[in-house]
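Everything numeric here is computed off the predicted structure, so don't read it as measured data. FYI, the numbering just counts along the sequence from 1.
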Amino acid sequence: MTNLSLPPVCLGTYTLAAAWGSDLDSSKAALRRGVTEGLVFFDTAHAYGRAESVLGELFSRELVADRDSLVLCSKGGLELRHREGSATPFAPNSRPAFLRASLTKSLSRLGIEHLDYYLVHWYDPDVPLPEVAGAMQSFVDEGLTRYVGVSNYTVEQMTTFRQTTQLDAIQVPYSLFSRGVEDEVLPFARRNGIMVMGYAALAQGFLSGTFGPEPAFAENDFRRSAPDFSGERYAMRVQAAGKLATIAERHGVGLADLAVAWAASGAAPVVPLVGVQAPAHIDALQTAMRLKLTADDLIEMRAIAQSAPEMDFAGLVS
């Protein structure tokens, strides 16, 4: 467990990447509003391209005045590589040289000398884990990052990683439509004092309350070609989201507020990682953190969520 003081929510920056198709100015305004409200924990990645540069430029004044005013997490180990049939152009590459190059590029884009957290973005079966973990430890030793972690690893993979170096933080998909990590990963993190960031807390939009009965994504939005966002899987999740929205209405909040509150209410402490695209989304996050769900709410929400298929994040990269 790290000794950093963290806000209850981490703001993701994938919405700043061109692949998301969002309004860049509106997303920047949202992040700026978040900092004024004390939400100073940001997640980004080398693979997000311009997102790191935008984030660094947006808060350059704050970072120069006081580097510790923001908590910055980035990830490395995904490279652009064409793969037939993939929804994204990325493939895992955890070779130490590539992890170092990714980290160096991230620091340059952000305009800083060290990260607070540096994570391996995705498991790479072609590189032995002791080699990966050894490289990550060297980054800590050199002062390039305070803490290290992994994203999208199994318990077995994390156990092997920890035999070589520390494991301070992990990222996992965690939402009402991504509950598989509850069986083994979250208990493992709790037992070993590992900080957990739950990404895609809004299920990449399904729990935002904005999806209609038919998919309607922009040409440059990666979801337009991802299997999770079409056909029966799309329809079943939208239907379940509509039922969840009735519970949100009982509490006088939006569906997104309800979803984030659920992600933060589990037995294992999870910091929800949420992308924001408008300043109003920050107000919604504040509402979500104040929302107290009852035991009956949680039972009802889980039953509804179980009627829809879980998200398939592995299909994006593996």
Side-chain angles (χ1 to χ4, degrees), residues 2 4-17 19-20 22 27-28 30-35 37-59 62-63 67-78 88 90 99 102-103 105-107 109-112 114-122 136 139 144-153 167-175 178 181 189 194-205 260 263-264 269-277 281-282 285 288-289 313 316-317:
T2 67
L4 291 176
S5 177
L6 300 175
V9 176
C10 178
L11 299 182
T13 62
Y14 194 24
T15 56
L16 300 178
W20 196 261
S22 59
S27 294
K28 288 163 65 175
L31 297 179
R32 174 67 68 185
R33 174 67 178 277
V35 168
E37 296 296 325
L39 300 180
V40 296
F41 186 15
F42 293 95
D43 173 76
T44 188
H46 172 262
Y48 296 170
R50 73 178 186 185
E52 290 181 317
S53 298
V54 172
L55 184 64
E57 293 168 4
L58 185 62
F59 296 111
E62 289 85 348
L63 290 168
R67 168 62 187 84
D68 293 337
S69 63
L70 302 180
V71 179
L72 299 178
C73 172
S74 191
K75 305 179 290 291
L78 284 184
T88 67
F90 298 113
L99 288 173
S102 298
L103 173 55
K105 185 67 171 180
S106 292
L107 293 173
R109 287 170 172 169
L110 290 164
I112 57 176
H114 72 272
L115 289 167
D116 296 297
Y117 296 95
Y118 185 53
L119 276 57
V120 183
H121 206 151
W122 217 281
M136 298 295 279
F139 304 148
L144 300 177
T145 184
R146 291 179 176 178
Y147 304 107
V148 296
V150 298
S151 179
N152 305 300
Y153 271 43
L167 182 59
D168 302 303
I170 63 174
Q171 282 191 13
V172 295
Y174 191 54
S175 76
S178 302
V181 294
I194 300 169
M195 190 267 286
V196 181
M197 286 176 273
Y199 71 80
L202 299 183
Q204 295 189 320
V260 173
V270 174
V271 179
L273 203 168
V274 183
V276 291
Q277 299 183 54
H281 294 171
I282 297 299
L285 284 178
M289 290 299 98
F313 289 95
L316 294 178
V317 171

Spell out, as yes or no, whether a donor-acceptor pair under 3.5 Å connects the side chain of [X] to the backbone of [Y].
X	Y	value
Arg50	Leu16	yes
Lys75	Tyr118	no
Asp116	Tyr147	no
Ser151	Trp122	no
Asp168	Val148	yes
Arg109	His46	yes

First locate atom [atom1] of [X], then atom [atom2] of [Y], and finally report the distance between them rounded to the nearest 0.5 Å.
X	Y	atom1	atom2	result
His281	Leu202	NE2	CG	9.0 Å
Leu39	Leu11	CG	CG	5.0 Å
Ile170	Leu119	CD1	CG	9.0 Å
Tyr117	Met195	OH	CE	3.5 Å
Leu72	Phe59	CG	CZ	9.5 Å
Leu55	Tyr48	CG	OH	12.0 Å

If you apply the rule side chain to side chain contact (heavy atoms under 4.5 Å, CB included), what do you find for Met197 with Phe41, and how did you get there?
CA-CA 11 Å; Met197 286 176 273; Phe41 186 15; 3.5 Å; yes

Can you give me the closest heavy-atom contact between [X] and [Y], atom names plus distance?
X	Y	answer
Thr44	Ala51	OG1-CB, 4.0 Å
Gly56	Leu63	O-CD1, 4.5 Å
Ala200	Ser175	O-CB, 3.4 Å

Heavy-atom check, side chain of [X] versus side chain of [Y], under 4.5 Å:
X	Y	value
Ser102	His121	no
Gln171	Asp43	yes
Val40	Ser69	no
Phe139	Leu99	yes

Taking the six-membered ring for Trp, are the ring centroids of Tyr14 and Tyr199 within less than 6.0 Å of each other?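 No, ring centres 6.0 Å or more apart.
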
Worksheet item: Sequence neighbours excluded, which residues qualify as side-chain contact (heavy atoms from CB on, under 4.5 Å) partners of Leu107?
Response: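 Residues passing side-chain contact (heavy atoms from CB on, under 4.5 Å) with Leu107: Leu103, Ile112, Leu115, Leu144.
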
Check against side-chain hydrogen bond (donor to acceptor under 3.5 Å, both in side chains), Ser106 and Glu52:
CA-CA 7 Å; Ser106 292; Glu52 290 181 317; 2.7 Å; yes

For Glu57, which residues count as a salt bridge (charged side-chain N to carboxylate O under 4.0 Å, His left out) partner, sequence neighbours excluded?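 For Glu57, no residue satisfies salt bridge (charged side-chain N to carboxylate O under 4.0 Å, His left out) once neighbours in sequence are set aside.
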
